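Everything on this sheet refers to the single structure shown next.
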Amino acid sequence: MKGLHLLFRPTTFPAKKTFAPPPPPPPSQNLTETHFISLIHSSKTTKHLRQVHAQILRRNLLSSSHLTTQLISASSLLKSADYSLSVFKHFPLKNLHTFNALIRGLAENSRFQTSISHFILMLRSSVRPDRLTYPFVLKSVANLCLGCLGMAVHCLVVRSGVEFNTFVRVSLVDMYVKVEELRLAMKVFDESPERNKCESILLWNVLINGCCKVGDLGKAVELFEGMPERNSGSWNSLINGFMGNGDWKRAVELFEQIPEKNVVSWTTMVSGLCRNGEEEKALLMFFRMLDEGVRANDLTIVSALSASAKIGALEAGLRIHNYISSNGIRLNSAIGTALVDMYAKCGNIEAASLVFGETREKNLLTWTAMIWGYAIHGKVEQALQYFKQMMYSGIKPDGIVFLAILTACSHSGQVDMGLNFLDSMTLDYSLDPTMKHYTLIVDMLGRAGRLDEALKFIHRMTITPDFVIWGALFCACRAHKNIEMAELASQRLLQLEPKHPGSYIFLSNIYAAAGRWEDVERVRTMMQSRSIKKDPAWSYMEADGQVHSFLAGDHAHKHAKEIYLKLEEIVAGAREQGYMPGTEWVLHNIEEEEKEDALGGHSEKLALAFGLIQTAPRTTIRIVKNLRVCGDCHSLMKYASKMSQREIVLRDIKRFHHFKDGVCSCGDYW
DNA sequence: ATAGGGTTAG
């Protein structure tokens, strides 16, 4: 077209110009305008931008909408949505371009609400939106999940005549996917002309993503296979779909077939495997990615660190930390938080605290990770001190950080302080306590032996008590040998979950502890007649970097003979002193021996012996140099809080316990 | 004629 235009340019009548010369724009102003535009583009900080802004105001160049637009988009690029808003307010000229730049900038800085309100302002000011306005308005609508507004904007799109623009079309389909109107998304897709479909792979990708979201993987695969062309986004969307629906094996298969894997592909795998409880595979994937020379970004690193944290893989965590430092990756709030969390959950609270100090941008999540770390390590004073500091630095607490604080109180037996925090949470911060908060309170009262108060608390609760909370009360009753209340609690448990093996185990345990063997038998028969089975209790042990696993009572381990000998020795010792040889007793004995010969070569065997008799399944004991006990089961927790100065390594309970609705099949709760 | 654009990881 341009060529044609040149060809037909009337070159024979230049004289006409002399009669009506268009007022030549003052060259000086033109120069300054381009000068400022390049200044704006080279601005690296908002401060710099402010200076340029001031100069522009001084030269009275307010009428240049081009400059306004550039300023707005530059400041939103620097992630300062507030500044772009103030620029917008101060320049009097608001046209299509300034509006577009503003709406775009706000949407890209997650200020969706404001973005939409400026779109409405735009309509009110009779500035007609164009094909470049809609993608961002639709993005904001999608992120706020405003389906009705989305349809209204769709109408405007049609009225503006940009309905068939490829970008607008992709945004429409994506919006309908995000507001969960897959039917409408499909409709827009199906009504798209072939030209659009061939031009844009994204139109397909977005729809595949939508099908995956609603779990229609068949349709997703069908679309994927029917595409005229695929890019890595198509693969990633489908893989993510399989990950989201629990089929990580299929996801891995697909991943291996991707012709060109990018960082997103790898990150999808790392985080997807981690979400599906395959943390070891997630870590292997991460390190394989590094081996293949792909550079990890923030998201990849955060996913890998969270995988390490979940399984307590300290060595892997250290390698990732090393990668961060040696590749000059900035310790921003996301990475800092993930590192703090990893170190805390892997038992290295000192390292967690060190990283916390190095992380300059601390947000609520960073503080929460640190406070949680102290709470689970039994370091109450620090947890409380950091909580105060957090408030001091002007960060508002949320329900989660209160969970951490309540945990800290609970582990240190500071019951009244815990109750005060619960009050403060509702009264000072108007946060609604959840079942988890209530559970911690009941647990806390129960540990302190204040069982009547715990029961009263349950009755006074504003939400209906669930299985977990009665489980907490039950454990407390068991610990304090209050059989009547324990019976009451386990009756409620049976009512709430008649099919859950834990309900029966609870009841049978309490009878066993009281020596009421007929009642134990009765419960066991009840279980059998209702064909309820408890999963076999697996135990895992990491000793000197090697993981050992057993079922209770099995002899498959290569050191089984020695282990059982040691075990008998311990058990005999226990009987002599009149103890029931239970978990805690063995732990206590291990500790005693540690004092004598620092455990020397015995540590591994002792740990293994412990694993064979312990009743809590799927708990990991890590023995590295000094004895470290790790576990989330109640009995272990109780032990842990008794010896709060000892380093307690906690691992993600979901990994090692067989879970159903927050209750472990071993009968413990969380 | 004119400034600038869509997706997938959490």
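Computed from a prediction, not measured in an experiment: that's the story for all the values here. Letters A, B, ... mirror the listed sequences (proteins, then strands); counts begin at 1.
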Using a cut-off of 4.0 Å between protein heavy atoms and nucleotide atoms, how would you tag nucleotides 1-8 of chain B 5' to 3' with B, S and -? --BBBBBB
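The residue Arg275(A) sits close only to the backbone: its heavy atoms come under 4.0 Å of sugar-phosphate atoms, none of a base.
At a threshold of 4.5 Å between non-hydrogen side-chain atoms, the residues Ile329(A) and Tyr323(A) count as touching. A 4.5 Å side-chain heavy-atom check between Lys345(A) and Lys310(A) finds every atom pair outside the cut-off.
Between Phe286(A) and Trp266(A), the ring center distance fails the sub-6.0 Å criterion. Separation of the Phe255(A) and Trp235(A) ring centroids does not fall under the 6.0 Å cut-off.
Distance Asn143(A) CG to dG10(B) C1': 13 Å, rounded to the nearest Å. Rounded to an integer number of Å, the gap from CZ of Arg295(A) to P of dA9(B) is 22 Å.
Atom CZ in Phe99(A) sits 7.0 Å away from atom NE2 in His118(A) (nearest 0.5 Å).
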